[in-house]
Undergrad: 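Have a look at the structure that comes next, please.
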Amino acid sequence: MKKILIISLSIIALIIVSITIYWNFPIEITRKSDIKSGNQIIENIENYRKNSYKLPEVNDWQTLEQLGLQKDDPAKPVYNKDEAGNYELIYDDGLGGPYLLWNSKEKKWTIDQPKITP
């Protein structure tokens with residue numbers, strides 16, 4: 001009986017420690033694949049901006065799909081832009097935030113709430 005209790009408590013403690021360690025890893029490690037695909041999309045958007053002198057429109061899905069975004073695909077980020085020429089890529093995990101996002105003004109990946117509203 002004591003062995004079962006000790007083993008159970010040890011497993012619970014190990015799970016708690018593992019979750020705590022995972023939450024404290026930098027997002028560059030925990031969201032590496034999302035950031036990698038997001039960086040490719042950012043590069044495509046910046047090339048589009050350089051060639052057309054404007055950002056793609058939020059509802060122009062033909063252009064956005066060419067840039068690497070897909071409508072209603074939870075594996076792909078959501079694209080939003082404002083009137084000042086800034087944009088965000090937001091990975092919406094469906095949990096209500098905070099989200100993994102990239103803001104063109106800050107030029108870095110963060111875990112935060114969106115700053116640009118659609």
Undergrad: Show the nearest heavy-atom pair for residues T20 and I16, with the distance to one decimal.
TA: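 Residues T20 and I16, closest heavy atoms: OG1-O, 2.8 Å.
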Undergrad: Could you measure the distance from the CD atom of E88 to the CD atom of E106? Nearest 0.5 Å is fine.
TA: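 One gets 8.0 Å once the value is rounded to the nearest 0.5 Å.
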Undergrad: Could you state whether I15 and I7 fall into the same hydrophobic cluster, counting links through intermediate Ile, Leu, Val, Met, Phe, Trp or Tyr residues with side-chain heavy atoms under 4.5 angstrom apart?
TA: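 In one cluster: yes.
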Undergrad: Side chains of S104 and N86, heavy atoms from C-beta outward: is any pair under 4.5 Å?
TA: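 In short, these two side chains touch, coming nearer than 4.5 Å.
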Undergrad: Under the criterion side chain to side chain contact (heavy atoms under 4.5 Å, CB included), which of I90, L67, L55, I41 is the partner of Y79?
TA: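 Testing Y79 for a side chain to side chain contact (heavy atoms under 4.5 Å, CB included) against I90, L67, L55, I41 leaves exactly one candidate, L55.
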Undergrad: In terms of hydrophobic clusters joined by side-chain contacts under 4.5 Å, are I19 and I11 together?
TA: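 Yes, I19 and I11 fall within the same hydrophobic cluster.
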Undergrad: Do L89 and L101 have side chains that get closer than 4.5 Å, going by heavy atoms?
TA: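 SC-SC contact between L89 and L101 ruled out.
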Undergrad: Could you check D34, I35, T110, I42 and say which one makes a side chain to side chain contact (heavy atoms under 4.5 Å, CB included) with W102?
TA: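 Answer to the side chain to side chain contact (heavy atoms under 4.5 Å, CB included) test with W102 among D34, I35, T110, I42: I42.
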Undergrad: So, taking the atom named CG in L5 and the one named CG in L9, what distance separates them when rounded to the nearest 0.5 Å?
TA: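 It comes to 4.5 Å.
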Undergrad: State, with a plain yes or no, whether a side-chain heavy atom of Y87 is found less than 4.5 Å away from one of D82.
TA: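 Side-chain contact under 4.5 Å: no.
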Undergrad: CD1/I45 to CD/Q40 distance, rounded to the nearest 0.5 angstrom?
TA: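 Rounded to the nearest 0.5 Å, the CD1-CD separation comes to 10.5 Å.
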Undergrad: Return the CG to CD1 distance between N80 and I116, rounded to the nearest 0.5 Å.
TA: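 It is 7.0 Å, given to the nearest 0.5 Å.
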Undergrad: Let me see the working for R31 and Y91 under side-chain contact (heavy atoms from CB on, under 4.5 Å), right down to the final yes or no.
TA: CA-CA 10 Å; R31 303 293 298 269; Y91 280 94; 3.6 Å; yes
Undergrad: Only pairs under 3.5 Å count here: list side-chain donor-acceptor contacts from residues 68-76, not counting sequence neighbours, and write none if there are none.
TA:
| from | atom 1 | to | atom 2 | distance (Å) |
| --- | --- | --- | --- | --- |
| D73 | OD1 | A75 | N | 3.0 |

Undergrad: If you measure from CG on N44 to CD on Q66, what distance do you get to the nearest 0.5 Å?
TA: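 These two atoms lie 10.0 Å from each other.
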Undergrad: Is the shortest side-chain heavy-atom distance between Q113 and Y99 below 4.5 Å?
TA: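 In contact.
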Undergrad: Could you check whether atom NZ of K107 has more than 12 heavy atoms from other residues, nucleotides or ligands sitting under 6.0 Å from it?
TA: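 Yes, enclosed.
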Undergrad: Is there any side chain to side chain donor-acceptor pair (under 3.5 Å) pair reaching into residues 54-65, and which pairs are they, with sequence neighbours excluded?
TA: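 Sorted result for residues 54-65: E57-K81, D60-T63.
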Undergrad: Is it true that the side chains of E43 and N39 contain a donor and an acceptor less than 3.5 Å apart?
TA: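 Judged by distance alone, the side chains do not pair up.
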